[in-house]
> 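Handing you a structure now.
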Protein chains: 2
Amino acid sequence: MDAIAQTADQEPAPDRHLSSFIGYAMKRALSIVQADFARALAEHDLRAVSFSALSIIVGEPGLTQTQLADALQIERSNLVTIIDELAGRNLIVRAAVAQDRRRHALMPTTAGKQLAAAAQASATEHERTLFACLTESERSELQRILQKFRKQAAV
Amino acid sequence: MDAIAQTADQEPAPDRHLSSFIGYAMKRALSIVQADFARALAEHDLRAVSFSALSIIVGEPGLTQTQLADALQIERSNLVTIIDELAGRNLIVRAAVAQDRRRHALMPTTAGKQLAAAAQASATEHERTLFACLTESERSELQRILQKFRKQAAV
DNA sequence: TATTGTTATACTCTATAACTATA
DNA sequence: TATAGTTATAGAGTATAACAATA
């Protein structure tokens with residue numbers, strides 16, 4: 001490759017004045033990931049938030065709606081329709097809790113566990129393909145740094 | 001530090017079944033950054049999108065609304081009110097373009113340039129503080145990997 | 001015919017308050 | 001009194017279609 005080819009597509013990006021911000025780089029990267037993720041989950045008729053909710057319920061059966069809302073960082077009130085949808089598709093049930101009749105223990109059904117497993121496989125595969133442009137070392141560093149940041153900078 | 005102290009707060013996070021996804025780690029990290037960023041910009045009465053728009057106009061004076069919408073990855077129609085707001089505060093002007101009277105050349109005012117500079121300084125300082133929990137090497141690696149990903153995985 | 005900025009609109013997301021039933 | 005789930009609602013944010021002016 002020669003100097004001409006190397007500088008051929010050096011059209012300056014109009015957003016270059018924002019690229020010093022890590023937050024901006026994160027946002028742009030995330031929007032690419034989200035679009036890909038949404039495509040992967042659409043095969044299973046799941047939105048990202050429904051997938052996250054279902055995955056947590058499968059991994060943590062019996063948790064309450066308030067606990068799930070906290071885990072997802074959404075308001076309890078906004079979780080209701082998500083749970084309604086999952087329950088309506090017989091992927092989870094709101095089970096009664098004997099000790100406290102205010103609470104619902106969220107339990108996955110067999111179909112819910114199966115769908116979660118299939119969707120997780122799709123999502124994992126899509127992410128593997130999407131991040132193939134990074135080296136294995138870069139992927140693990142990215143994960144490690146993001147998780148360190150989240151843990152230490154958390155509000 | 002002993003083994004007891006190390007394992008003291010090992011309460012399992014309910015979302016641990018999602019943490020294998022880089023996209024999930026990105027989303028959680030970004031939500032922390034966005035909250036901090038919003039606080040920094042609120043001092044200047046700017047939202048993130050207004051700040052981004054103003055910064056691009058200052059760095060690239062004369063660009064059109066369509067070009068700016070593309071740079072910000074938002075719809076032209078949704079940019080209108082953002083531009084209205086910035087113009088209403090006399091931070092930018094919609095200048096006429098002699099060669100094509102359909103277009104507006106977006107130009108920063110002196111006040112706009114000053115506010116952009118001040119807001120950029122605030123945002124930079126907030127980001128510096130927020131990311132102080134990472135090493136210099138981790139911060140630069142994070143930036144580098146995110147930008148490599150965006151460049152290579154872009155749709 | 002096509003493009004730029006604009007308006008109108010609908011749909012999703014998010015946040016807040018208030019209600020009910022339970023504790 | 002306080003909490004869990006729910007309802008209603010308002011405000012953002014986002015996407016689409018269509019229009020007037022201009023090319």
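If you're wondering where the values come from, they're calculated on a predicted model, not measured in any experiment. A, B, ... follow the sequence lines: proteins, then strands. Residue 1 opens every chain.
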> Using only side-chain N and O atoms of B:R94, determine if any of them is under 4.0 Å from OP1 or OP2 of C:dT6.
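It does, given that an N or O in the side chain of B:R94 lies less than 4.0 Å from OP1 or OP2 of C:dT6.
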
> A:S55 and A:Q120: side-chain donor and acceptor closer than 3.5 Å?
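Per modelled atom types, A:S55 and A:Q120 side chains form a pair under 3.5 Å.
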
> Using only heavy-atom distances, determine whether the side chains of A:Q65 and A:R94 contain a donor-acceptor pair under 3.5 Å.
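Checked: A:Q65/A:R94 side chains pair up, N/O donor to acceptor below 3.5 Å.
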
> Is a donor-acceptor contact shorter than 3.5 angstrom present between the side chain of A:S77 and the base of C:dT16?
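Between C:dT16 and A:S77, which were checked side chain against base, a qualifying N/O pair under 3.5 Å is present.
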
> State yes or no: do B:F21 and A:L146 share one hydrophobic cluster built from I, L, V, M, F, W and Y residues joined by side-chain heavy-atom distances below 4.5 Å, directly or via other members?
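They do not share one cluster, since no chain of ILVMFWY contacts under 4.5 Å joins B:F21 to A:L146.
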
> What string of B, S and - do you get for nucleotides 18-23 of chain C, 5' to 3', when a contact is any protein heavy atom under 4.0 Å?
---BBS

> Short question: side chain of B:R101, backbone of B:A96 - any donor-acceptor pair under 3.5 Å?
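Checked: no pair found.
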
> Show me the protein contacts with nucleotides 11-14 of chain D, counting only N or O atoms at under 3.5 Å.
from: D:dG13; atom 1: OP2; to: B:R47; atom 2: NH1; distance (Å): 2.5

> Pick out which of A:L86, A:D45, A:T109, A:L46 makes a side-chain contact (heavy atoms from CB on, under 4.5 Å) with A:L115.
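Between A:L115 and the candidates, side-chain contact (heavy atoms from CB on, under 4.5 Å) is satisfied uniquely by A:L46.
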
> For B:V58 and B:K113, which heavy atoms make the closest approach, and how far apart are they?
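Minimum heavy-atom separation between B:V58 and B:K113: CG2-CA, 4.1 Å.
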
> If I compare all heavy atoms of B:A123 with all of B:F37, which pair ends up nearest, and what's the gap?
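Smallest heavy-atom distance, with atoms named: CB-CE1, 3.5 Å.
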
> Calculate the interatomic distance between B:L79 atom CG and C:dT6 atom C1'; express it in whole Å.
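These atoms are roughly 11 Å apart.
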
> Would you mind telling me which of C:dG5, C:dA17, D:dG5 lies closest to the side-chain atoms of B:Q65?
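Nearest to the side-chain atoms of B:Q65, counting from C-beta on, is C:dG5.
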
> State which of C:dT6, C:dT4, D:dT7 makes the closest approach to the side chain of A:V80.
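Closest nucleotide among those given: D:dT7.
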
> Can you measure A:D84 atom CG to D:dT6 atom P for me and round it to whole angstrom units?
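Value for this atom pair: 7 Å.
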
> Checking side-chain polar atoms at under 3.5 Å, does A:H104 have a donor or acceptor matched by the opposite partner on A:T64?
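No.
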
> Would you mind reading off the distance between B:I82 atom CD1 and C:dT6 atom C1', rounded to a whole angstrom?
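The answer, rounded to whole Å, is 14 Å.
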
> Expressed as a whole number of angstroms, how long is the span from A:D70:CG to D:dG5:C1'?
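To the nearest whole Å, that distance equals 14 Å.
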
> Donor-acceptor pair under 3.5 Å: do we get one between B:T66's side chain and the base of C:dT3?
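Side chain to base: no pair present.
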
> Does a side-chain N or O from B:Q67 land closer than 4.0 Å to OP1 or OP2 of C:dT4, or not?
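For B:Q67, the contact criterion (side-chain N or O under 4.0 Å from OP1 or OP2 of C:dT4) is not met.
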
